[in-house]
Amino acid sequence: MHHFEYRDGVLSCEQVSLAKIADEVGTPFYCYSSATFLQHLEAYKKAFSGVDSIICYSVKCNGNLAVLNTLSKAGAGADIVSGGELFRALKAGVQPGKIVYSGVGKTPEEIRYALEVGILMFNVESPIEMITLNRIAGEVGVKAPVAIRVNPDVDPRTHAYISTGMKKNKFGIAIERALVEYRAASEMGNIEAIGVDCHIGSQITELEPFADALVKVKRLIRTLREEGQDIKYLDIGGGLGISYDDEVPPTPMEYGEAILGVVGDLGCTLILEPGRSIAGNAGVLVGKVLYTKEGEEKRFLISDTGMNDIVRPSLYDAFHGILPVIEGGDLRLADLVGPICESGDFIAKDRVLPALEQGELFAVMSSGGYGFTMSSNYNARPRVAEVMVSGDKYRVVRRRESYEDLISGEIIPEDI
Ligand code: LLP
């Protein structure tokens, strides 16, 4: 569900016309619907209302402060993977006690920062990370609350780049080895093992991989408890897919039923780390056609937005729906491409698209997740504005970068 629909022939976000925003803010821009974010969060809350749970929204998906603030005011915590994400989450008002920290490469500085602010839990991804965390916790004078991120070796049947819970992936500690590592951690002095964590991948559109992984995790939790380890939290990660094209992913309710069917009786507080299923369909990227060009073999729609603003099509060959901002018009086979000097710079390739002409606006649908957060300044292009809509109001929640922003922080040294 989302709130992007035609109103009086103009594609709108909630009650605000995207054409009006384009007029006032310029293009390209990301536009987010706060009602959609909240609706998705509520769907998760409802699905897991039968147990204690914390929904730790995955900051990497869309970390704009306004987005994080909207979700945290509605009760969400945060799943972070860097010191920068921790900083963002705290600035946006997320409570440290609702923050979980995953990632294979946490630096000593990042670990110290997270210990000092008192996050809920570190999801530890390797034995040496555990030793490092123990040492730094000793220096800070606290006990580090941890879960081991276990790798259950389950195939999530998604794009290879976003599958994380198989033996060949770099993430987590093999589930067979986890027991030994929990025992080692319990001897360490500054570690308190309070949970088990498992995240198997992203854009998963079936329930079985989640359930299969959790059956293994449940067995581990039972064994740990038998050994006297007080496991209070089960972090089931994120990964629930969304509909970009014709996928029919399970709803949060169906997902919740499947999860609780396996682990509902453990008495653990469940931690969820959804990203895409909260943010993906809560945002669009609006661009404008600069030129149309009849190539030798195909027609190109050359737009003012490209792979530096939205890299998913180039990186994963991902599908995003393209809608004209002004309703109607013909359809035509074309490539929608950006201005970047790379042949891989396309938003839609060999697709039947709205037959847009110079100056016309379009929306790249389902771009609220892994859109802006993966954008770059490649080709010295300022990053685009981000706009948040609520009802009949909109606000710029990140101003468009300027040329000065592009060089701020750069130095021409005088002596070399
Ligand atoms: N938790 C952890 C530890 C993660 O690594 C991720 C995503 C999530 C939660 C959130 O997963 P979600 O609910 O959004 O599926 N850039 C790719 C997606 C990469 C996902 C990375 N990890 C894309 O654009 O499809």
Side-chain angles (χ1 to χ4, degrees), residues 37 40-41 43-44 47 54-63 67 71 76-82 85-86 89 99-106 120-125 129 147-152 156-166 169-173 195-206 209-210 213 234-245 247 249-252 255 259 270-283 285 307 309-320 347 364 366-376:
F37 272 102
H40 291 165
L41 180 65
Y44 269 104
I54 309 175
I55 296 159
C56 294
Y57 165 71
S58 195
V59 174
K60 66 176 80 68
C61 191
N62 184 332
V67 167
L71 292 172
D79 150 48
I80 58 158
V81 289
S82 69
E85 287 190 351
L86 176 54
I99 296 179
V100 290
Y101 187 0
S102 303
V104 293
K106 305 176 185 82
L120 173 62
M121 191 161 85
F122 290 80
N123 291 333
V124 172
E125 306 224 15
E129 182 192 332
I148 288 181
R149 175 170 176 179
V150 297
N151 182 327
R157 301 197 278 269
T158 182
H159 192 290
Y161 285 12
I162 53 177
S163 132
T164 55
M166 296 167 76
N169 302 130
K170 69 178 175 180
F171 298 97
I173 295 178
V196 176
D197 168 48
C198 175
H199 169 83
I200 57 172
S202 196
Q203 185 54 15
I204 300 170
T205 51
E206 299 165 48
F210 293 112
L234 167 54
D235 183 340
I236 63 170
L240 188 61
I242 63 167
S243 175
Y244 285 101
D245 187 5
E247 307 92 326
T251 62
Y255 170 75
I259 302 288
L270 289 189
I271 296 172
L272 287 80
E273 302 177 353
R276 191 189 317 262
S277 49
I278 303 261
N281 283 323
L285 170 64
M307 68 187 288
D309 300 323
I310 182 154
V311 76
R312 301 193 71 258
S314 305
L315 192 57
Y316 314 116
D317 214 6
F319 178 99
H320 285 264
I347 297 177
V364 185
S366 314
S367 306
Y370 306 109
F372 188 89
T373 52
M374 293 179 79
S375 68
S376 78

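These values consider heavy atoms only, across backbone and side chains, with no hydrogens, waters or symmetry-generated copies. Numbering of ligands and ligand atoms starts at 1, following listing order.
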(message) Can you see whether Y370 has K60 sitting over its ring - NZ or CZ less than 6.0 Å from the centre and within 45° of the normal?
(response) no

(request) Anything with a heavy atom under 4.0 Å from ligand 1 counts, so go ahead and list those protein residues by chain and number. (result) S58, K60, D79, S102, R149, I162, H199, S202, Q203, G238, G239, E273, P274, G275, R276, R312, Y316, Y370, M374

(request) With side-chain contact (heavy atoms from CB on, under 4.5 Å) as the test, would you mind laying out the steps for S367 and R312 before giving the verdict? (result) CA-CA 9 Å; S367 306; R312 301 193 71 258; over 6 Å; no

(request) Report the C-alpha distance between N169 and T164 in whole Å, list the side-chain angles of each, state the deciding distance to 0.1 Å, and finish with yes or no for side chain to side chain donor-acceptor pair (under 3.5 Å). (result) CA-CA 5 Å; N169 302 130; T164 55; 5.7 Å; no

(message) Side chains of P274 and Y44, heavy atoms from C-beta outward: is any pair under 4.5 Å?
(response) yes

Please table the atom pairs, donor to acceptor, closer than 3.5 Å between any side-chain atom in residues 236-245 and protein atoms at least two apart or in another chain.
{"residue": "S243", "atom": "OG", "partner": "E247", "partner atom": "O", "Å": "3.2"}
{"residue": "Y244", "atom": "OH", "partner": "R276", "partner atom": "NH1", "Å": "2.7"}

(message) Could you check whether any side-chain N or O of S58 sits under 3.5 Å from a backbone N or O of C61, counting only pairs where one atom can act as donor and the other as acceptor?
(response) no

